[in-house]
Amino acid sequence: MTITITAFEHSPDGGKGLARDTRVRWALEETGQAYKVRLVTFPAMKQPAHLALHPFGQIPTYEEGNLALFETGAIVLHIAERHAGLLPHHANAKARAIAWMFAALNTVEPPILELSTVMLAERDKPWYEERLPLVQERVRDRLHLLSARLGDAEWLEGPFSAGDLMMVSVLLRSRSSGLLDEFPNLAAYVARGEARPAYKRAFAAQLAVNAPAASAG
Ligand code: GTB
């Protein structure tokens, strides 16, 4: 069955791979699944046709036969459960890998998103200078404990899993703040994720859509 995902027609990041379709593309590449992409504009995302797929009018979405999914956690888990390559077979190891997916989305991503919002949208506020270090410290706290847990390991728990895919994707969004580089083992962990052939294919595919040269032509 054909898999179709949605992605920004023009991602605001200009092809840095930070929009969330990249993690879905990465999961599809890791598991060897062919997919199509339907590009959507910001106004189109708020129209009934897209809202029927995504209740909050966002990307990415995932369609496969009669199934329509939204939320990258649900989409990546669906892909990982149906195709080999992203989840261990042993039930307990699988549950642990899924726990790391949730940790990435529920525990590590929120402070990173908050920091992005502060840096992108709140620079002109009178309280910016006071608030920024507080929010940075919340990110640092999470990265510190994640760094301690990862230690010298290659991946979070055993072989590369959907938990690592999600954690690397989330950590990538903290790189521009400079905080990731304060933790060399986490920076190296993210670099290992980016070095995977499947990630490179996913990144190249979104770049082909979003690179400035692509939009100019
Ligand atoms: N919890 C949802 C999920 O995980 O799927 C969140 C989905 C989401 O935030 N989608 C964003 C979106 O559609 C795109 S990824 N936003 C449009 C809207 O809400 O109207 C978030 C994102 C956007 C841009 C950048 N960037 O340019 O760097 C990075 C990440």
Side-chain angles (χ1 to χ4, degrees), residues 3-30 35 37-64 67-81 86 97-123 135 139 142 162-180 190 193-194 199 202-215:
I3 294 170
T4 304
I5 67 167
T6 51
F8 284 135
E9 189 177 76
H10 297 297
S11 177
D13 74 357
K16 293 195 179 80
L18 299 177
R20 286 182 176 85
D21 58 291
T22 303
R23 47 185 89 166
V24 173
R25 293 173 186 270
W26 188 6
L28 290 165
E29 293 288 353
E30 288 284 351
Y35 64 98
V37 183
R38 191 169 61 252
L39 301 175
V40 288
T41 61
F42 274 87
M45 285 192 288
K46 311 303 173 194
Q47 294 302 311
H50 190 77
L51 285 168
L53 290 173
H54 196 305
F56 306 106
Q58 297 183 313
I59 61 97
T61 59
Y62 175 101
E63 292 158 82
E64 183 184 16
L67 175 67
L69 282 178
F70 60 101
E71 285 297 330
T72 48
I75 296 170
V76 170
L77 183 57
H78 170 80
I79 295 166
E81 284 190 316
L86 283 174
I98 294 171
W100 279 113
M101 288 182 69
F102 277 85
L105 294 171
N106 286 354
T107 303
V108 180
E109 190 165 49
I112 290 175
L113 287 187
E114 193 186 8
L115 179 58
S116 301
T117 305
V118 171
M119 292 177 73
L120 286 173
E122 298 177 359
R123 257 176 215 281
V135 180
V139 175
R142 291 286 190 254
D164 295 297
L165 184 152
M166 206 54 93
M167 193 63 82
V168 168
S169 300
V170 162
L171 292 176
L172 273 165
R173 289 199 67 182
S174 72
R175 192 153 59 188
S176 64
S177 72
L179 294 181
L180 185 65
V190 169
E194 290 177 297
Y199 178 84
F203 184 88
Q206 67 74 36
L207 184 64
V209 175
N210 292 308
S215 54

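Just so you know, ligand 1 is whichever comes first in the structure, and atom 1 is the first atom listed for that ligand. These numbers were taken from a predicted model, which means no experiment stands behind them.
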_What I'd like to find out is whether the side chain of W100 reaches to under 4.5 Å of the side chain of M166, using heavy atoms alone._
no
*Could you check if a side-chain atom of L28 sits within less than 4.5 angstrom of a side-chain atom of I5, using non-hydrogen atoms only?*
yes
*Can you find a non-hydrogen atom of R173 under 4.0 Å from ligand 1?*
yes
Could you find the nearest protein heavy atom to [atom] and give me its residue, atom name and distance?
| atom | value |
| --- | --- |
| atom 7 (C) of ligand 1 | Q58 OE1, 3.3 Å |
| atom 14 (C) of ligand 1 | F8 CZ, 3.4 Å |
| atom 11 (C) of ligand 1 | I59 O, 3.7 Å |
| atom 27 (O) of ligand 1 | D13 N, 2.9 Å |
| atom 29 (C) of ligand 1 | L18 O, 3.5 Å |

*Do the ring planes of Y62 and H78 sit parallel (below 30°), tilted (30 to 60°) or perpendicular (above 60°)?*
perpendicular
*Should the ring pair H50 and H54 be called parallel, tilted or perpendicular, given that the plane angle runs from 0 to 90° and is split at 30 and 60?*
parallel
*Evaluate the salt bridge (charged side-chain N to carboxylate O under 4.0 Å, His left out) criterion for residues E109 and R23: first the C-alpha distance (whole Å), next the side-chain angles of each, then the deciding distance (0.1 Å), finally the verdict.*
CA-CA 14 Å; E109 190 165 49; R23 47 185 89 166; 2.9 Å; yes
Ligand 1 N/O within reach of [X] N/O, cut-off under 3.5 Å:
| X | value |
| --- | --- |
| E71 | yes |
| R23 | no |
| K46 | yes |

Of the listed options ([options]), which comes nearest to [atom] when hydrogens are ignored and any heavy atom counts?
| atom | options | result |
| --- | --- | --- |
| atom 17 (C) of ligand 1 | F70, F42, F56 | F42 |
| atom 5 (O) of ligand 1 | T72, N210, V24 | T72 |
| atom 21 (C) of ligand 1 | H10, R20, K16 | R20 |

Do any N or O atoms from the side chain of [X] and from the backbone of [Y] form a donor-acceptor pair under 3.5 angstrom?
| X | Y | value |
| --- | --- | --- |
| D13 | G17 | yes |
| S116 | I112 | yes |
| T6 | T61 | yes |

